[in-house]
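Bear in mind that the values here come from a model prediction, so they are computed numbers and not experimental data. Chain naming here is simple, since letters A, B, ... match the order of the sequence lines and numbering starts at 1 in each.
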Amino acid sequence: MWYSVVYKAIQQIPYGKVTSYGHIANLVGYPERPRQVGLCLKHLPDSSDQPDSRYNGDNVPWQRVINSKGVISNRGAGGAARQETALEAEGVEVGRGALGERTVDFGTYGWFPDRLPSDSDDEDEDEDEE
DNA sequence: GACATGACAAGGC
DNA sequence: AGCCTTGCCATGT
């Protein structure tokens with residue numbers, strides 16, 4: 001499924017690095033669909049909610065995915081704060097915008113490869129793609 | 001099954 | 001340079 005590809009792409013993000021939704025969309029082959037990338041994270045099951053799911057908030061570093069402005073989206077549930085904590089735990093310096101938004105310096109922690117490092121090679125995982 | 005929504009991004013004004 | 005509109009496709013009601 002499309003989501004699975006996105007999750008895999010996100011899992012390619014190295015520790016202590018962050019990238020944008022748009023770039024993820026680019027890596028998965030759908031540069032015109034950054035929204036769906038965000039949806040993936042939104043629909044991302046919690047490790048405690050869907051422990052049987054291959055992809056959940058426990059094995060997918062959704063925290064390393066922020067918007068193109070380098071700002072952590074404010075989903076209104078204080079989730080941004082949780083994301084900030086997760087990022088700082090990885091050594092990522094999370095700053096504060098004028099409005100109090102959590103910002104990350106792409107110039108320092110930005111991760112923008114031309115393509116998925118592991119996608120170019122053979123992935124012998126039990127994926128259920130096309 | 002159809003309509004509305006959604007953690008975004010880019011173009012236009 | 002900033003704000004508003006459009007594009008997108010899977011998930012949910």
Side-chain angles (χ1 to χ4, degrees):
Chain A
M1 179 182 278
W2 135 268
Y3 270 36
S4 306
V5 204
V6 175
Y7 291 146
K8 289 202 309 183
I10 295 176
Q11 291 178 326
Q12 307 310 305
I13 306 175
Y15 182 96
K17 290 295 181 85
V18 296
T19 191
S20 65
Y21 294 93
H23 200 81
I24 291 296
N26 226 319
L27 295 178
V28 298
Y30 294 90
E32 317 301 298
R33 275 127 257 196
R35 303 180 83 167
Q36 273 48 263
V37 177
L39 278 181
C40 292
L41 302 182
K42 177 182 122 187
H43 282 276
L44 218 181
D46 189 81
S47 50
S48 307
D49 189 57
Q50 299 288 333
D52 60 303
S53 296
R54 272 180 317 196
Y55 302 106
N56 56 55
D58 192 56
N59 55 30
V60 178
W62 56 274
Q63 55 207 71
R64 298 174 195 156
V65 186
I66 61 185
N67 62 31
S68 65
K69 290 166 292 203
V71 180
I72 299 175
S73 301
N74 175 49
R75 17 200 196 301
R82 176 169 135 232
Q83 184 167 0
E84 177 196 338
T85 305
L87 286 174
E88 291 195 318
E90 301 193 349
V92 177
E93 187 176 8
V94 181
R96 288 298 178 79
L99 301 175
E101 322 75 75
R102 295 156 175 83
T103 63
V104 179
D105 179 22
F106 278 137
T108 306
Y109 306 103
W111 181 74
F112 303 95
D114 293 346
R115 64 191 177 194
L116 291 176
S118 303
D119 191 56
S120 320
D121 207 341
D122 281 49
E123 288 297 298
D124 294 298
E125 296 182 49
D126 53 301
E127 309 303 329
D128 62 301
E129 297 162 66
E130 269 66 3

(request) Would you kindly check whether a donor in the side chain of A:Tyr21 faces an acceptor in the base of B:dA9, or vice versa, at under 3.5 angstrom? (result) no
(message) Using whole Å, what does the distance between atom C1' of nucleotide B:dC8 and atom NZ of A:Lys69 come to?
(response) 8 Å
(request) Over all heavy atoms of both residues, which pair between A:Ser20 and A:Val65 is shortest? Give the atoms and the distance, please. (result) C-CG1, 4.3 Å
(message) Checking the side chain of A:Thr19 only, and the main-chain atoms of A:Trp111 only, is there a donor and an acceptor separated by less than 3.5 Å?
(response) yes
(request) State whether A:Arg64 and A:Glu90 are salt-bridged, where the test is any N-O pair (Lys NZ or Arg NE/NH1/NH2 against Asp/Glu carboxylate O) under 4.0 Å. (result) yes
(request) Output yes when A:Arg102 and A:Glu88 qualify as a salt bridge under the 4.0 Å nitrogen-oxygen rule, no when they do not. (result) no
(message) Does B:dC8 have OP1 or OP2 under 4.0 Å away from a side-chain N or O of A:Ser73?
(response) yes
(request) Calculate the interatomic distance between A:Ile10 atom CD1 and B:dA7 atom P; express it in whole Å. (result) 15 Å
(message) Measure CD/A:Glu101 against C1'/B:dA7 and give the value in whole Å, please.
(response) 15 Å
(request) Measure the distance from CG on A:Asn26 to P on B:dC8 and round it to the nearest whole Å. (result) 17 Å
(request) Quick one, give me the B/S/- string for nucleotides 8-13 of chain C, reading 5' to 3', where B means a protein heavy atom under 4.0 Å from the base and S means that only happens at the primed atoms, P, OP1 or OP2. (result) BBSSS-
(message) Tell me the interatomic distance from A:Trp62, atom CH2, to B:dC8, atom P, rounded to whole angstroms.
(response) 13 Å
(message) Between C1' on B:dA9 and CG on A:Leu27, what's the gap in Å once rounded to a whole number?
(response) 15 Å
(message) Taking 4.0 Å as the cut-off, does a side-chain nitrogen or oxygen of A:Ser68 come that near to OP1 or OP2 on B:dA9?
(response) yes
Throw together a table of side-chain donor-acceptor distances under 3.5 angstrom for residues 21-41 of chain A, partners on residues two or more places apart or in other chains.
residue : atom : partner  : partner atom : Å
A:His23 : NE2  : A:Pro113 : O            : 2.8

(message) Measure CZ/A:Arg82 against P/B:dA7 and give the value in whole Å, please.
(response) 14 Å
(message) Tell me whether A:Gln83 contacts the main-chain N or O of A:Gln63 through its side chain, where contact means a donor paired with an acceptor under 3.5 Å.
(response) yes
